[in-house]
Protein chains: 2
Amino acid sequence: MASSPTHPSGRDPTIFDVAALAGVSKSTVSNVVRGTDGVSETTRARVERAIEILGYRPNALARQFVRQRTTILGVLVGDLDNPFYGDIAKRVERVAFRSGYTTMFCNIEGEDDDFALSRVEALLEQRPAGVVFLAFFGRSPDIEAALGKSVPVVFAGLREDWGDSVAVSNSLGAKLATQHLIDLGHRRIAYVTTRGVEQRAGQARHRGYQSALRAAGAPAGPPIHWEPGGERVTIKGREASLREELGGPDGATAIFCSNDIGAIALLEYADRHDIRIPGDLSVVGFDDVHLASLARISLTTVRQPLDEIARVSVETVLARMAGDLVGPPRHLQVSPSLVVRASTAPPAA
Amino acid sequence: MASSPTHPSGRDPTIFDVAALAGVSKSTVSNVVRGTDGVSETTRARVERAIEILGYRPNALARQFVRQRTTILGVLVGDLDNPFYGDIAKRVERVAFRSGYTTMFCNIEGEDDDFALSRVEALLEQRPAGVVFLAFFGRSPDIEAALGKSVPVVFAGLREDWGDSVAVSNSLGAKLATQHLIDLGHRRIAYVTTRGVEQRAGQARHRGYQSALRAAGAPAGPPIHWEPGGERVTIKGREASLREELGGPDGATAIFCSNDIGAIALLEYADRHDIRIPGDLSVVGFDDVHLASLARISLTTVRQPLDEIARVSVETVLARMAGDLVGPPRHLQVSPSLVVRASTAPPAA
DNA sequence: CGGTCCTGCTGGAACGTTCCAGCGCATCTA
DNA sequence: TAGATGCGCTGGAACGTTCCAGCAGGACCG
């Protein structure tokens with residue numbers, strides 16, 4: 001048990017101990033602690049002195065209990081080990097802390113929906129004041145039911161169909177990426193996506209890709225689903241060989257990949273199969289994870305303004321909590337930007 | 001406000017509502033909810049039915065309040081954005097969840113001790129049942145004071161001077177790394193360290209490096225402190241040029257770097273300065289972050305068994321919490337292993 | 001000078017659990 | 001059959017806050 005030096009009784013001092021020492025009522029101590037006004041300067045000083053002497057610290061558990069709310073901000077993360085999530089998680093945490101909230105992370109690794117749901121329930125049991133989603137959920141009805149309408153929710157960059165959201169403009173980002181390839185002279189540009197979890201964002205990115213190509217009068221293909229590490233891909237439900245889609249005489253000369261981790265896996269694949277980048281194949285990613293800027297990777301990509309996304313997301317959910325923001329869900333968009341590096345070049349002649 | 005369909009009164013149903021419906025006392029409901037035995041099968045069934053009907057969910061805030069403890073496991077992370085921390089954080093979370101604990105992460109970015117301290121205090125205010133350190137703290141006396149003796153603490157892989165710890169054997173890992181370079185034929189092997197935050201681990205790694213070289217009759221240098229991105233290094237407090245330490249006629253032919261992120265930064269530096277790796281210079285890291293296994297990085301490194309560290313760390317702190325582990329701090333060591341990749345080769349002839 | 005208003009402080013009630021002493025009743029033992 | 005034992009259940013107390021109605025007493029107003 002912790003015990004302050006001046007209060008060796010074993011139990012932590014309570015508001016009553018402070019009140020007794022300062023010669024005031026518990027209510028006054030409470031008012032001082034909470035910074036309520038309506039306490040005279042002299043009384044305040046006396047109480048503060050008593051707090052100091054006793055080493056009193058408010059019991060957060062009691063406070064949370066009586067107020068029936070915490071200063072916990074729940075954060076649901078797709079995969080902490082993915083640098084994109086790690087990066088944004090860190091920023092969310094920083095912003096929340098500045099506003100007096102403590103973040104509670106739950107890591108969800110998309111694989112198992114039941115697992116994800118049980119994680120969400122464990123999080124909700126702590127009665128967070130709000131929840132920030134950095135992860136996508138397939139079974140949203142269950143999640144929605146679990147959340148009820150009891151907790152404000154914001155989606156940081158992932159979906160726009162439920163709750164508030166703050167997202168980069170996926171279609172604009174995809175347009176920037178695709179237009180860059182078009183400007184370099186590419187015509188056969190493929191769109192590769194790697195993870196089911198980003199369905200909605202991925203769809204929007206595919207639309208942006210399509211619209212850029214259409215505007216340029218070039219052909220846009222369907223999404224090519226690829227599981228990093230594998231040799232096979234799925235196109236409109238049919239299996240095919242990744243090798244044949246890339247770099248060959250009829251294959252694509254450039255790829256826009258729906259995310260950096262996938263794009264980097266593509267670079268790996270290319271390295272193993274003697275496809276030179278950007279000589280034989282140009283690759284553009286999405287996210288601008290740190291990794292992408294390493295000289296040995298040097299991936300051209302679309303940068304998400306993570307700081308802004310994190311800041312605005314937290315601000316939004318805090319505003320909902322405070323009642324400052326009411327009404328229907330608000331969907332904010334932030335602007336992506338293109339970062340050109342060494343993974344893109346004009347197509348071979 | 002959340003409300004179950006069958007309980008539209010606005011307030012969440014309490015144990016009393018369940019008791020009334022089931023025709024028993026609140027105590028019996030409590031016993032059913034907590035799984036206490038001493039409740040007959042028929043009563044239990046009746047209570048469970050009532051719980052179902054009302055959609056009752058125990059109020060975690062009230063429970064925590066009355067028991068004065070939570071099922072929150074605090075985790076202090078060095079930098080969530082560093083893949084090493086992200087990886088181990090994720091594993092810790094997984095193990096904790098399996099044991100019924102929810103993890104609360106606090107991200108500490110070593111720079112600012114006052115900030116770190118305020119983060120720790122915010123974490124402690126939630127009264128976690130235990131704390132796992134994945135970060136190193138310079139000002140441990142303050143942290144120690146803040147923690148008091150009230151919360152069991154375990155250090156995962158970082159220090160061995162306070163609280164329980166579960167760490168890879170840093171000196172053995174360093175020996176493996178250095179011996180690998182010696183076996184390849186290197187004699188001029190430098191030790192580079194990048195971050196103040198890993199002082200203790202770094203010191204142990206330097207000792208392992210020294211002992212391997214001594215055993216081989218080769219010279220061991222002092223730690224070379226390098227700030228990734230810079231050109232200058234500090235050796236025993238004196239400044240020098242990194243370029244001159246590496247690859248030159250008198251410079252090192254191989255480097256053992258105290259961590260992978262630093263080692264990868266060294267690769268970057270080498271790339272920019274036309275030092276070929278491993279032709280001109282061999283590099284070994286420590287940690288085996290995912291990144292290191294990318295074909296374009298392919299860093300020889302020392303792997304930490306992160307799963308084991310995470311599992312044993314959480315087990316240790318849970319055992320302390322439960323009182324199953326008593327007595328003086330326990331310092332467990334786990335074994336590192338060498339992962340040979342393409343960043344090391346025999347020295348140029 | 002009586003009433004009203006404000007300021008600073010008070011004390012009770014409430015929050016929803018857990019924990020525990022204790023009680024009635026049936027069963028077992030001598 | 002009396003007493004002991006144990007099982008299943010009960011009701012009160014406690015946990016440390018916040019919130020709120022209310023109360024003195026001084027200042028201000030007509």
Side-chain angles (χ1 to χ4, degrees), chain A residues 1-4 7 9-48 50-51 54-71 125-127 129 150, chain B residues 1-4 7 9-48 50-51 54-71 125-127 129 150:
Chain A
M1 278 292 108
S3 66
S4 82
H7 188 272
S9 73
R11 261 181 50 263
D12 285 346
T14 73
I15 211 170
F16 285 95
D17 299 318
V18 176
L21 183 61
V24 295
S25 76
K26 61 167 181 24
S27 306
T28 300
V29 177
S30 177
N31 287 331
V32 170
V33 168
R34 284 175 303 131
T36 310
D37 47 39
V39 180
S40 71
E41 230 12 86
T42 52
T43 308
R44 182 178 301 279
R46 225 171 47 249
V47 170
E48 272 163 359
I51 288 174
L54 293 175
Y56 166 79
R57 301 195 54 185
N59 185 322
L61 260 34
R63 172 178 300 174
Q64 290 174 351
F65 167 57
V66 69
R67 307 193 56 184
Q68 281 302 304
R69 58 196 188 86
T70 62
T71 54
E125 203 157 272
Q126 304 297 330
R127 312 249 168 162
S150 60
Chain B
M1 277 294 109
S3 65
S4 82
H7 188 272
S9 72
R11 259 181 50 264
D12 285 346
T14 73
I15 211 170
F16 285 94
D17 299 318
V18 177
L21 183 61
V24 295
S25 75
K26 62 170 180 21
S27 305
T28 301
V29 177
S30 175
N31 287 332
V32 170
V33 168
R34 284 176 301 132
T36 309
D37 46 40
V39 179
S40 72
E41 232 10 88
T42 52
T43 308
R44 182 179 301 278
R46 224 172 47 250
V47 171
E48 273 164 359
I51 288 175
L54 293 175
Y56 165 78
R57 301 197 53 186
N59 185 320
L61 261 31
R63 171 179 298 174
Q64 291 173 351
F65 166 58
V66 69
R67 308 193 55 184
Q68 281 303 303
R69 61 199 186 82
T70 61
T71 54
E125 203 157 274
Q126 304 297 329
R127 310 250 168 163
S150 58

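So that the names make sense, note that chain A is the first sequence line, chain B the second, and so on, each numbered from 1. Just so you know, these numbers come straight off a predicted model, no measurement behind them.
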Can you check whether [X] has a side-chain N or O nearer than 4.0 Å to OP1 or OP2 of [N]?
X     : N      : answer
B:R67 : C:dC19 : yes
A:R34 : D:dT18 : yes
A:S25 : C:dT10 : yes
A:T14 : D:dC15 : no

| What pair of heavy atoms forms the shortest contact from A:D37 to A:R44, and how long is it? |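 Taking A:D37 first and A:R44 second, the nearest heavy atoms are CA-NH2, 4.4 Å.
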| Residue pair B:A50 / B:A22: nearest heavy atoms and the distance that separates them |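 Distance-wise, the nearest heavy atoms are CB-CB, 3.9 Å.
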Rounding to an integer number of Å, can you tell me how far [X] [atom1] sits from [N] [atom2]?
X      : N      : atom1 : atom2 : answer
A:Q64  : D:dT18 : CD    : C1'   : 13 Å
B:R46  : D:dG8  : CZ    : C1'   : 12 Å
B:Q68  : D:dA13 : CD    : C1'   : 16 Å
A:R69  : D:dC19 : CZ    : C1'   : 13 Å
B:N59  : C:dC15 : CG    : C1'   : 9 Å
A:R127 : C:dC15 : CZ    : P     : 14 Å
B:I51  : C:dT17 : CD1   : P     : 10 Å
B:F65  : C:dA14 : CZ    : P     : 16 Å

| request: Determine the contact category for A:S40: base if any of its heavy atoms lies under 4.0 Å from a base atom, sugar-phosphate if only primed atoms, P, OP1 or OP2 are that close, otherwise nothing. | output: sugar-phosphate
| Across the strands shown, which category fits A:V24 at heavy-atom distances under 4.0 angstrom: base, sugar-phosphate, nothing? |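 Since only primed, P, OP1 and OP2 atoms lie under 4.0 Å of A:V24, the category is sugar-phosphate.
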| field | Proximal nucleotide (of C:dT17, D:dG16, D:dG12) relative to the B:K26 side chain | value | D:dG12
| request: Name the closest nucleotide to the A:S27 side chain, picking from D:dT17, C:dG12, C:dT17. | output: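 My answer, after comparing the listed nucleotides, is C:dG12.
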| said: On DNA chain D, compare the nucleotides closest to A:I15 and B:G38; which residue's is nearer the 5' end? | reply: B:G38
| A:D12 and B:R127 ion-paired at < 4.0 Å | yes
| field | Gap between atom OG1 of B:T71 and atom CD of A:Q126 - 0.5 Å precision | value |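 Those atoms lie 5.0 Å apart.
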| task | Look up atom CG in B:L54 and atom OG1 in B:T14, then write down how far apart they are to the nearest 0.5 Å. | result |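 Spacing of CG (B:L54) from OG1 (B:T14) equals 9.0 Å.
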